[in-house]
Structures are given as C-alpha cells and as structure tokens.
Amino acid sequence: MYLIFDTETDGLNIRTSKPFIVPYAVVDKNLNIVKIKIAHTNNDIEMQEFLQHLKDIPTIVGQNIKFDLHMMLNYGIDFNLIKDKNYIDIGVLARLVVDHDVQTDKTFQMSLKKLAVRYLGVDSANEERQLKMELSQLVMEHKAKMQQYFESYNLWPKYNKTENTKRINEVYNNWNKVFHLYPQLADKRRKFLKAYPEPTYADVSNVETYALTDVKLTYGLFKLWYPEVVRKQQVPAFKRTSEAVIPLLLMERQGFTVDVPRLMRDRKAILREWAKVKIIDPRTGEELNIGQHAKLKELYEYESGMQLTCADKDTRKSIEEKSPAARAANYIAKMEKYLSTYITGILNKLTEIDGEYKVFTQYNLAGTVTGRLSSDFQQFPRDPLELRDGSLIDIRGWFIVPKDYKYMFFLDYSQMELRLQCEWTNIIQGEPDLNLARAFSPYQCSLINGTYYLNENLNEAWKPTDLHALTAKHAFPNIDESHPDWNHYRSLGKRTNFAVNYGASPAAVASALNVPFKTAEDLVNGYRKAFPGAVAFAKWIRKRVWSIDNIPNLMFRRYYSRNSHQLLNWLVQGSGADILLEKLRKVYDYIQDKPHWQFMISVHDEVGYVVKDIPQEQLAQEVKEIQKLMTHSMTAVDIITDIEYSTTCWSDKKEWKNAL
DNA sequence: AGCGAGCCGTAC
DNA sequence: GACGTACGGCTCGCTG
C-alpha cells in the first residue's frame with residue numbers, strides 16, 4: 001500500500017506555517033487508488049482517519065514530500081509516526097527516470113504541473129490560474145487596506161499616482177529593504193499586519209479542487225514512473241535518497257541562528273557607504289541602478305570609447321580608469337548584492353523561535369541533474385567585503401551557535417572531486433593515475449624506516465604531488481619554483497586544472513584566464529601530460545556513450561545520456577553527491593540516540609552540526625567517530641573530511657585538533 | 001499588474 | 001555544441 005498526500009498551508013515557513021487541509025489518496029499494491037479525499041485539520045474525525053493511514057502504511061508518496069512532513073509536525077503529529085517510513089518523491093522519480101539529456105533541455109521544467117503536461121497530457125493551468133488570480137485579488141485589497149490604515153493615522157502623504165504605486169509597493173512588498181526610509185510607519189505597519197494578516201491560500205475558494213488535482217497528478221506520475229525505477233536500475237540511488245529524507249528534515253528544522261544586532265550594524269554600514277556613491281549618466285544627469293545592465297553597458301562604452309560585450313565586473317574592471325560610471329558600479333555592485341540578496345533576504349525569512357532568531361532552508365532532493373542537493377544556503381559568501389570606511393562585512397559571521405548549544409562543527413571533504421576523479425582513472429584503467437594518486441597517498445611507495453620512497457626510485461622520498469604546480473611545469477618547461485613569477489604560473493596551472501576537469505577547451509581557458517590562445521593551448525597540453533589518466537577517462541566516456549545508453553556513477557546512480565562532455569563532470573560530481581547522501585543517513589543513525597548532536601547545514605562536500613556542552617573526552621571521541629563514519633574508502637585514495645569548529649560564529653571556525 | 005527571459009553574482 | 005552544478009535579485013519586454 002502507498003499513501004499519497006499533500007498539504008495546503010497558511011504559509012511557506014517550515015517551522016511556523018500550519019496546514020489547513022490534507023488531501024490524500026490511498027493506493028493499493030497494483031497502483032490503483034482505493035480512496036481519495038480531503039482531511040480538514042480542524043476536523044478531528046477526518047484527521048484521525050488520515051493519521052490512521054499514515055500510521056499503517058509504510059510507504060509515503062508526495063511532491064516535495066519533505067515540506068508536507070514539516071507541516072504535519074507543525075500540526076502536532078509525533079515524530080515517531082514518520083521516522084521509519086519509505087519516502088517516494090515525484091521529483092526524485094523524475095530525476096532518476098527521465099532521460100538525462102531531456103532533463104538538460106531548456107524546455108524541461110521540474111514543477112508538478114509542467115511534468116503533468118509533458119508526461120500525463122494533463123493541463124491544470126486554468127485551475128492554477130484561477131487560484132493565483134483570486135489570491136492576487138485578495139492581496140491587492142489587503143495592500144489598499146494597509147494604505148488606508150496609514151492614511152487614517154495621517155501617515156501617508158498625498159503622492160501622485162505613479163509615486164504612490166511605487167511607495168506602497170515598496171512598503172508592502174519590500175519592507176525589509178526600505179524600512180529605514182519609513183521610520184514613522186514601522187509601528188503601525190506591524191500593528192496592521194497583526195490585526196489583518198496577509199491573505200493565504202486558505203482564503204481562496206477553489207483551493208480544495210486545486211489540492212485534489214495535485215494529488216491526482218502526483219498519483220499519475222507515481223504510477224507512470226515508480227515501475228521505471230527498477231527497469232532503469234536506479235534502485236540504489238532511489239533508496240539512498242529516500243533514506244536521506246528524515247536526516248534532511250531534521251537539518252532543515254534546526255536551521256541557522258542569526259546574530260540580528262550584528263546583521264543590522266552591517267546593514268547600516270552598507271547603507272551609509274552606498275549613499276556616498278551614485279552612478280550618473282553625465283549626458284542626462286540620470287541616476288542608474290546597478291541592475292540596468294543594458295543602459296550601463298552603453299554608458300561604459302560612451303565613457304571608455306570601447307566596444308563591450310557585457311557589463312559584468314571583469315568588464316568594468318578593465319575600463320575602470322576611463323569610466324567613472326564603471327568605477328562607481330564596481331563599488332556599488334557588491335553592496336547592492338549583499339543588501340538585496342543576503343541582508344534583506346535573511347530579514348524576510350527571520351523567524352523568532354523560543355527567543356532566538358532563526359532562518360531555515362529547504363534542501364531540494366531533485367534540484368539537480370547529477371543528484372546533488374540544492375538550497376539557498378549554498379551561496380553565502382566566503383570572503384568578507386571591506387568597505388572604504390573600514391567596515392568589514394562578514395556574512396558568515398551572522399550565523400552563531402544557538403542557545404543551549406556550545407559548538408558548531410564543520411566536517412568538509414578535502415578535495416573531494418579530485419579524489420573521485422582519481423578513482424575513476426582506476427576504474428577505467430585498472431590502475432589510478434599516478435600523479436593524482438600520489439597527491440593524496442603514497443601510492444606505489446615503500447615504507448622504509450618510517451619514510452615512504454617511490455618504488456621506481458627508492459632514493460626519492462614521497463611527498464604529495466602538487467597538482468597545480470605539475471600542470472604549470474608541463475605547460476612551461478623552463479619555469480619552476482625558482483622563477484620570480486612562480487606563484488602566477490602555479491595559479492594558471494590551478495585554474496587550468498579546474499577548468500579542464502569541467503570540460504574546458506583551450507579557447508575557454510584563454511578567455512577565462514585572460515591569456516593568449518597559444519598559452520592556453522600550452523596549459524591544456526600541460527594538463528594532459530600531467531594527468532594521462534584523466535585524459536583516458538574522458539576518452540573512455542566518449543567511447544562508452546555509443547556502446548550503451550547509460551553510465552553509472554561510482555555509487556550506481558545511472559545517467560541516461562550520450563553527452564560525453566557533460567558526463568565528464570556528472571560522473572564525478574554525482575558520485576560525490578551520492579556519497580554525501582549516504583553519509584547523512586549513516587551519521588543520522590549514529591546520532592539518533594545522541595540528541596546533543598544536531599545536523600545544521602550541508603553544502604555539497606560538507607556537513608555542519610551543532611553540539612551541546614558535553615564532556616570533552618566524550619566530544620573528542622564522538623567527533624572522531626563521526627569523521628570515521630563520513631570517510632569513504634576507495635581503491636587508491638580515501639575521501640576523508642577535515643574538521644573545523646567554532647564556539648561563536650561560522651566565520652570564526654578553526655581547525656579541530658582533538659584537544660580544546 | 002503578472003510573468004518569464006536574460007543578466008549578474010554568489011557557492012561548491 | 002563545448003569549463004560543470006546550482007539559487008536569488010533585478011530589469012525589461014511581453015501579455016492581457
């Protein structure tokens with residue numbers, strides 16, 4: 001038996017929003033619907049019936065099912081009711097079953113409605129349109145009401161029509177970006193929203209029809225694709241993803257704790273500095289925003305007298321001396337980015353829970369073609385931004401150890417993709433690329449008196465290969481560490497290694513590294529000489545795609561593709577993704593009876609945790625055990641994590657040396 | 001006014 | 001069709 005369910009809710013916050021209806025379907029083992037109905041959360045009898053199914057049926061099906069689990073927890077169900085289920089997510093099925101070259105096509109979209117149109121021939125766009133129209137009507141009324149509320153307190157001046165629209169939209173939709181411009185409205189705005197909450201789907205008339213349609217579409221895709229998982233030999237990847245649902249659910253509910261005062265100080269510093277610089281078109285006196293790329297490009301061309309292809313930061317940098325506008329834009333762009341994306345973004349999501357400010361994310365299980373997770377926590381800037389007035393804006397410093405906890409721990413895999421690539425060279429050749437392997441371990445070396453020596457030359461001690469130096473030396477045979485510009489050449493080698501691993505051609509290397517084509521060719525040839533195994537891997541893929549319709553990654557997720565260029569990276573990136581998924585479950589099993597450990601974040605090759613104040617010996621032992629659980633052994637080299645920790649904030653993390 | 005494409009900037 | 005995988009904000013043109 002299978003239980004398909006969905007929830008319609010009063011919001012999208014995974015910790016505070018509540019479901020008001022639970023449409024569901026019970027499906028038998030032949031994949032036929034035996035019951036389909038809606039439980040209203042304010043009707044205990046209906047909910048009892050649904051919860052009995054939830055208790056009895058071991059396999060749960062949904063579209064983005066993790067979100068609905070959050071809603072059920074917010075409704076108040078016992079965690080034990082959901083922790084041992086099998087989970088089937090429609091998006092995950094799509095990623096495993098749909099031809100991967102279709103998935104990368106521009107016309108392929110992952111939303112339930114689009115998938116239903118494409119694969120079931122069912123178009124529910126009208127229902128969705130009606131739902132959205134009704135909600136948008138209610139929102140417009142609500143917005144007008146807010147303005148009237150301000151007017152009734154004489155807080156809203158008579159603007160002309162255009163100005164009024166702009167202002168009320170700002171105040172209504174973009175408050176967290178502009179509140180410093182309207183201090184007189186803050187208190188009343190809060191009071192208004194408390195008295196008259198924003199309309200939600202709960203206020204829309206056709207929401208039940210709409211919700212049932214979603215369940216039917218989910219059922220249709222489930223029935224179509226579930227049998228394909230076996231036929232397409234995707235069971236390992238399918239199970240691994242299903243088993244990661246609960247660990248990720250817990251990670252999402254932990255979220256990040258925010259140092260709001262620090263964030264607000266940084267906001268002020270940026271606004272103060274931003275006010276000093278403007279981008280003005282000298283011909284018209286018009287002020288331009290950083291987002292007006294087309295107009296800015298034209299202005300840069302006018303000021304620099306050069307023909308430009310785009311208006312991005314590299315272009316601006318190259319004409320900075322000639323163009324005052326480019327100079328101004330170079331300074332403003334980063335402040336704009338930080339304010340809009342990070343500061344306003346976090347303020348919009350800020351949730352107060354038990355006296356702490358938190359932000360939450362959701363990990364999309366089906367966000368990528370390779371199997372990686374994706375989330376909006378994956379792009380917090382690493383490096384601080386230094387303003388001209390000396391302030392340092394360090395975004396990762398806004399995230400702090402929550403109360404009741406003492407540590408953050410970050411276990412990140414070291415050079416994960418290079419190690420995986422090394423393993424691939426072993427798979428296809430029967431032996432790993434020697435240079436890659438020796439970057440990470442004394443491969444084909446002999447231990448003599450505590451020192452490793454190379455087997456082919458026992459007079460030479462092993463030391464880890466410097467992969468980037470190696471490419472540089474092969475590219476420029478006359479240059480080595482003694483050259484005054486060695487750092488520059490090594491940097492070229494490093495960037496070439498990354499680019500070529502992603503499939504770059506000499507032309508792309510030339511453009512990315514800003515070097516002549518001939519130099520780029522030398523660099524690419526340097527790479528090819530340095531890592532013959534990697535070259536063989538690319539060649540193996542090109543041959544393999546024509547002999548068979550899929551290639552499994554190292555963890556047996558299969559990519560049905562003939563695109564050898566993309567497979568070059570998919571097979572590496574996807575292997576890493578699957579290892580991480582598997583490790584999340586392993587660690588979850590270990591910390592289940594250790595509630596002083598909680599998952600906090602995961603980004604592609606790292607897992608972050610929060611830990612309570614426990615005895616140091618116990619802490620050291622458990623950290624070690626988790627590192628061990630996260631280690632992935634392979635033929636020539638292992639994939640192993642570094643360990644960092646912090647007792648304050650994310651950006652202050654330091655190496656963990658096993659003794660505090 | 002709502003939507004979506006395109007551009008840009010951030011992460012691994 | 002040729003450096004991979006993502007997400008979010010902004011602008012602008014299209015649509016009705």
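Naming convention: chains lettered A, B, ... in sequence-line order (proteins, then strands); numbering from 1 in each chain.
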When you measure from the side-chain N and O atoms of A:Trp570 to the phosphate of C:dT5, is any distance below 4.0 Å, counting only OP1 and OP2? yes
Taking the side chain as every heavy atom from C-beta outward, state whether A:Asp376 and A:Tyr363 have any atom pair closer than 4.5 Å. no
Taking only Watson-Crick and G-U wobble pairs with both distances under 3.5 Å, what dot-bracket line describes DNA chain C, where [ ] shows pairs that cross earlier ones and | shows pairs with another strand? ...||||||||||||.
OH (A:Tyr338) with more than 12 external heavy atoms under 6.0 Å: yes
So, OP1 or OP2 of C:dA2: does either fall under 4.0 Å of a side-chain N or O from A:Ser505? no
State, without any angle test, whether A:Glu417 and A:Gln421 hold a side-chain donor-acceptor pair at a distance under 3.5 Å. no
Kindly point out which of C:dG8, C:dT5, C:dC10 is positioned nearest to the side chain of A:Gln566? C:dT5
Give the residues of residues 508-527 of chain A touching DNA chain B, defined as any heavy atom closer than 4.0 Å, sorted by residue number. none
Counting the atoms with a prime plus P, OP1 and OP2 as sugar-phosphate, which does A:Ala311 contact under 4.0 Å by heavy atoms, base, sugar-phosphate, or nothing? sugar-phosphate
Between A:Phe399 and A:Phe256, is the gap from one ring center to the other below 6.0 Å? yes
Within the 4.0 Å heavy-atom criterion, would you say A:Thr344 contacts the bases, only the backbone, or no part of the nucleic acid? nothing
Could you tell me whether A:Lys177 contacts a base, only the sugar-phosphate backbone, or nothing, with contacts defined as non-hydrogen atoms closer than 4.0 Å? sugar-phosphate
Students should find that the nucleotides of DNA chain B closing off the region near chain A, any atom under 4.0 angstrom from a heavy atom, are B:dA1 to B:dC12
Could I get the full list of ring pair (Phe, Tyr, Trp, His ring centres under 6.0 Å) partners for A:Tyr159, not counting sequence neighbours? A:Trp156
Please report, rounded to the nearest Å, how far the C1' atom of C:dA2 is from the CG atom of A:Asp101. 14 Å
Pick base, sugar-phosphate or nothing for A:Arg396, based on heavy-atom distances below 4.0 Å to the nucleic acid. sugar-phosphate
What does A:Arg316 touch in the nucleic acid at a heavy-atom separation under 4.0 angstrom: a base, only the sugar-phosphate, or nothing? sugar-phosphate
Side chain to side chain donor-acceptor pair (under 3.5 Å) pairs touching residues 526-542 of chain A, sequence neighbours excluded, are A:Asn501-A:Tyr527
In Å, rounded to the nearest 0.5 Å, how long is the span from CD of A:Glu301 to CG of A:Leu308? 4.5 Å
Ignoring backbone atoms, test whether A:Asn289 places a side-chain nitrogen or oxygen under 4.0 Å from the OP1 or OP2 oxygen of C:dT11. yes
In whole angstrom, what separates A:Asn174's CG from C:dG9's C1'? 10 Å
Any N/O pairs under 3.5 Å between the protein and nucleotides 12-15 of chain C? List them or say none.
from, atom 1, to, atom 2, distance (Å)
C:dC12, OP1, A:Gln292, NE2, 3.3

Roughly, in whole Å, what's the span from CD1 in A:Ile279 to P in C:dC10? 15 Å
In this structure, how many angstroms lie between the P atom of C:dT5 and the CZ atom of A:Arg95, rounded? 11 Å
Out of C:dC3, C:dT5, C:dG8, which nucleotide sits closest to the side chain of A:Thr368? C:dT5
If you take the centroid of each ring, where Trp contributes its six-membered ring, are A:His142 and A:Tyr172 closer together than 6.0 Å? yes
Over-ring placement of A:Arg267 relative to A:Phe179, 6.0 Å and 45° cut-offs: yes
Residue met sooner reading DNA chain B from 5', once A:Asn169 and A:Thr341 are mapped to nucleotides: A:Asn169
Tell me which of A:Arg372 and A:Thr309 sits closer to the 5' end of DNA chain B, going by the nucleotide each one is nearest to. A:Thr309
Whole-Å distance between C:dT5 P and A:Arg557 CZ? 15 Å
For A:Ile427, look at atom CD1 and say whether over 12 heavy atoms of other residues, nucleotides or ligands are found less than 6.0 Å away. yes
Does a side-chain heavy-atom distance below 4.5 Å link A:Met306 with A:Ile319? yes
Could you go through A:Lys518 and A:Glu521, starting from their C-alpha distance and side-chain angles, then the distance that decides it, and tell me whether this counts as salt bridge (Lys or Arg N to Asp or Glu O under 4.0 Å)? CA-CA 5 Å; A:Lys518 173 71 173 61; A:Glu521 277 187 321; 5.9 Å; no
Counting any heavy atom closer than 4.0 Å, what does A:Phe377 reach on the DNA or RNA strands: base, sugar-phosphate only, or nothing? nothing
What is the distance, to the nearest angstrom, from the CE atom on A:Met110 to the P atom on C:dT5? 15 Å
To the nearest Å, how far apart are A:Gln103 CD and C:dA6 C1'? 14 Å
Are more than 12 heavy atoms, taken from residues, nucleotides or ligands other than A:Met264, located less than 6.0 Å from that residue's CE atom? yes
Looking at A:Ser340, I'd like to know whether one of its side-chain N or O atoms comes within less than 4.0 Å of OP1 or OP2 on C:dC10. yes
Quickly work out the A:Phe108 CZ to C:dT5 P distance and round it to whole Å. 14 Å
More than 12 foreign heavy atoms under 6.0 Å from NZ of A:Lys278: is that the case here? yes
Do A:Val258 and A:Ile400 touch side chain to side chain, with heavy atoms closer than 4.5 Å? no
Surrounding NZ of A:Lys494 (heavy atoms of other residues, nucleotides or ligands, distance under 6.0 Å), is the total greater than 12? no
